Amino acid sequence: MRKKDYIKTTIITIFIMIASIGFHFLGAAGSWDVRISDWLNQKETVTDKKIYIIGIDDKTLEKYGPVNTWSREIPARLVELLNADGKTHPAVIGFDVIYSENVDETADNHFAKACQKAGNVVAAMSFSFKEQPETEEDGTVIYNPYHVEDVITPYKSLRDSVDCGFANTTIDADGCVRQAMAYVDHNGEPVYSLSFQCYKKYRKSQGKEAELPETYGRNNSFYFSYSGKPGGYNLVSMADVLDGTVDAGIFQDAIVLVGAYAVGMQDAYPPAVSHNSQMYGVEIHANIIEALLEGKTQLPVSPLLYAIAAGLICGIFFLLVRKAKIVISSLLLAAFVILDLILAKVFYTRGIVTPVILLPVVLALIYLVRLIQGYLVEIHRRRHVLNVFKQYVAPQVVDKISKDRDFKLVLGGETRHVAVLFVDIRGFTTMSESLRPDEVVEILNEYLSLTTKSIFDNGGTLDKFVGDATMAVFNAPFDLDDYIFRAVCTAWDMKAGADAIADQFEKRFGKRVAFGIGINCGEAVVGNIGCDFRMDYTAIGDTVNTAARLESNAERGQILISEQVYEAVKDRTEVTPIGEIPLKGKSNGVFVYQLDKVMK
């Protein structure tokens, strides 16, 4: 290949690479990528960390009624029950329920005092965000989608008695949850999430400092690895705890999360670890807390660094495949794709989320460009020969030449056993005398299209047109299974199609024509007959002559077959014996049958 062709290919490759990277980071391909990343990286690996969920489930709702009708005595009783024994109390109790309004002063204060006395309670709050333009320090105006418009907090006495954390769920564009906000900047101070506050209090109970995960973006987010699928954590019904069915001692030094665990409470989302199911919000908090405890949080890779690395890999791949054979190029592509998956997995375990399918897609595009380029060169090399051959060779032969590099079209022939079909339009000459030339051509084209289609549909070779007649050969130039029956089926298709066309033209022109068809089989010489600058692929010999004579003896709408053809297809056809008839040019007569029906 010429140097300028390589330059063009390189430019196209680089363009594809840059466009694909931009396409991904703009989000158009992101949803596919993150789902494959989830499949690769999100695995159920619940550890032995003591995280319990006290679910406000159907059993609880049936016993105590809807949550919004509860007296605060119910959660107060739960806190007191869990902390009744100073030696077996939980390390932290996180309520994924927002108690924002005063309902009953006595019960509200009871709940607040119970939480204050326990000292291990975290209550939920919520932010309402609205996109709003903001001015940066350098004067640049940006649109902040996480501007705090409103805050819903617990009622004052409870807010003053507990640590609070926002319970907002971060949902990605595809509807799944795989990110969380660590904190929100509000009034110049960081307000931490419910998950982080529970994690922080748990670490403090162990005498350790909480570590704030690295975050990115204006909403201070991070990716996290799930540890459990829906139902993967220890679940206890709140009703069973309150009535003493479950011993509160099992929660000793554990993280206890209290939250909705019933469909009607509408607090469920598709998790990254299981796209086809729903996970309750309280379970998502449990997974986030465990991710913080295990250090299984991630940040997205820098687009610039990824583009540079991907560009180098694509460049190396291009240099390796530009002169390689298809098999080698395919193996290289497979190797690079596997390497990409391995690296994506390794980086994820190191806390970096990288695109998974982007690089393989670009590599595949480079591979295809190189593959197409090779094919175009080959096509260009053969185009001239094919353009010459298709002028006088049947379409099947041209197709074979285009696929078979070893096929050579030379003068000469071979003896093959073939089936030969001749078809002619009866009454065409008489009809043409009373029609305009354009009408004659229209009718002729319609009939010849029918004969051609019937031949091709049954795998035959269109040998030639002779005026209003058509000749077809079956089992040449290439082997064809059941070729004698295929020839018979072709004739039957022609007859069926001709009847429909005859009705059409009789209505238009008042003329009706039909086919006469003859079929024979036997040995014939097939090959390229002619000279070195003008040859014709055809069949010659007595078998061909007999088929032509059968056709000339066929009446309108009649299909005549020889005895040899009948013997080959008699179990799949119905015929009427015509008897022995003399044929021009043959000393002996030929026994002939009329084809009446074909059982395909």
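The model shown is predicted, which means the values in this text are computed figures rather than measured ones. Hydrogens, waters and symmetry mates are skipped; everything else that's a heavy atom, side chains included, is used.
- Side-chain contact between S329 and L371: absent, with no pair of heavy atoms (C-beta onward) separated by less than 4.5 Å.
- Heavy atoms only, all atoms of each residue included: K87 and Q252 are closest at O-NE2, 3.2 Å.
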**OP:** Could you check V191 against F127 for side-chain contact (heavy atoms from CB on, under 4.5 Å), going step by step and ending with a plain yes or no?
**Re:** CA-CA 10 Å; V191 178; F127 285 110; 3.8 Å; yes
**OP:** Kindly determine whether V321 and L333 satisfy side-chain contact (heavy atoms from CB on, under 4.5 Å), including the steps that lead there.
**Re:** CA-CA 9 Å; V321 302; L333 176 62; over 6 Å; no
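- The distance from atom CG of L235 to atom CG of D240, rounded to the nearest 0.5 Å, is 9.5 Å.
- For the side-chain contact (heavy atoms from CB on, under 4.5 Å) criterion with I357, the lone passing option out of D33, V337, D340, V362 is D33.
- For the atom pair CD1 of I328 and CD1 of I326, the computed distance is 11.5 Å after rounding to the nearest 0.5 Å.
- By the 4.5 Å heavy-atom criterion applied to side chains, L359 and I313 are counted as neighbours.
- Here the side chains of P271 and Q42 are not in contact, with every heavy-atom distance at 4.5 Å or above.
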**OP:** Check the pair L292, K200 against side-chain contact (heavy atoms from CB on, under 4.5 Å), reporting the backbone distance first and the verdict last.
**Re:** CA-CA 9 Å; L292 292 170; K200 182 179 179 181; over 6 Å; no
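- Around CD of Q266, the count of heavy atoms belonging to other residues, nucleotides or ligands within 6.0 Å does not exceed 12.
- Side chains of T354 and L343 form no contact here, defined as non-hydrogen atoms less than 4.5 Å apart.
- One N or O on the side chain of N287 and one on the backbone of S227 form a donor-acceptor pair closer than 3.5 Å.
- The distance from the OH atom of Y233 to the CE atom of M279 is 8.0 Å, given to the nearest 0.5 Å.
- Inter-residue side-chain proximity for L61 and V67 is flagged as met; some heavy-atom pair is nearer than 4.5 Å.
- Shortest non-hydrogen contact noted between Q179 and S221 is OE1-CB, 3.9 Å.
- Annotation: E131, atom CD; neighbour count of heavy atoms from other residues, nucleotides and ligands within 6.0 Å is above 12.
- Interatomic distance, I289 CD1 to Y202 OH, rounded to the nearest 0.5 Å: 10.5 Å.
- A donor-acceptor pair under 3.5 Å links the side-chain atoms of Q197 to the main chain of C164, judged by distance alone.
- Taking the six-membered ring for Trp, F196 and Y199 have ring centres closer than 6.0 Å.
- Remark: the backbone N or O of K296 is paired with a side-chain donor or acceptor of Q298 at under 3.5 angstrom.
- Minimum heavy-atom separation, D108 to S157: O-OG, 4.3 Å.
- Remark: of the listed residues V301, V353, I352, N41, I352 is the sole one forming a side-chain contact (heavy atoms from CB on, under 4.5 Å) with F347.
- Side-chain contact check for N234 versus K50: every heavy-atom pair is 4.5 Å or farther apart.
- For the pair E290 (side chain) and S225 (backbone), a donor-acceptor distance under 3.5 Å is absent.
- Closest heavy-atom contact between V282 and V258: CG2-C, 4.1 Å.
- Counting non-hydrogen atoms of neighbouring residues, nucleotides and ligands closer than 6.0 angstrom, the NZ atom of K63 exceeds 12 such neighbours.
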**OP:** Evaluate side-chain hydrogen bond (donor to acceptor under 3.5 Å, both in side chains) for Y367 paired with S330, printing each intermediate quantity in order.
**Re:** CA-CA 8 Å; Y367 171 82; S330 301; 2.7 Å; yes
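- By the neighbour-count criterion of 12 heavy atoms within 6.0 Å, atom CD of E101 is sparsely surrounded, having that number or fewer from other residues, nucleotides or ligands.
- Atom CD1 of I316 is separated from atom CG of L332 by 11.5 Å, given to the nearest 0.5 angstrom.
- Scanning all heavy atoms of the two residues, the minimum distance from G228 to V273 falls at O-CG1, 3.8 Å.
- Aromatic rings of F95 and F111 (six-membered ring for Trp) have centroids within the 6.0 Å cut-off, being under it.
- When only modelled atom types and interatomic distance are considered, Y226 and S274 share no side-chain donor-acceptor pair under 3.5 Å.
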**OP:** Would you check, one step at a time, whether the test side-chain contact (heavy atoms from CB on, under 4.5 Å) holds for N168 with V184?
**Re:** CA-CA 11 Å; N168 298 67; V184 170; over 6 Å; no
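- By the 4.5 Å heavy-atom criterion applied to side chains, Y280 and D96 are not counted as neighbours.
- Side chain of D247 to backbone of G249: a donor-acceptor contact under 3.5 angstrom is found.
- Taking the six-membered ring where the residue is Trp, Y216 and Y223 present parallel rings, their angle staying beneath 30° rather than reaching 60°.
- Contact between T297 and A291 at its shortest, heavy atoms only, is CG2-O, 4.1 Å.
- Between the side chains of D57 and T60, a donor-acceptor pair is found at a separation under 3.5 Å.
- With hydrogens and angles disregarded, a donor-acceptor distance shorter than 3.5 Å links the side chain of K43 to the backbone of W39.
- No donor-acceptor pair under 3.5 Å is formed between the side chain of K201 and the backbone N or O of N120.
- Within a 6.0 Å radius of CD in Q278, more than 12 heavy atoms belonging to other residues, nucleotides or ligands are found.
- Sorted by first then second residue, the side chain to side chain donor-acceptor pair (under 3.5 Å) pairs that include residues 109-118, not counting sequence neighbours, are E73-H110, E80-H110.
- Between the side chain of N220 and the main chain of Y183, a donor-acceptor pair closer than 3.5 Å is present.
- The shortest side-chain heavy-atom distance between F166 and M181 falls under the 4.5 Å cut-off.
- For the atom pair CD of E149 and CD of Q132, the computed distance is 8.0 Å after rounding to the nearest 0.5 Å.
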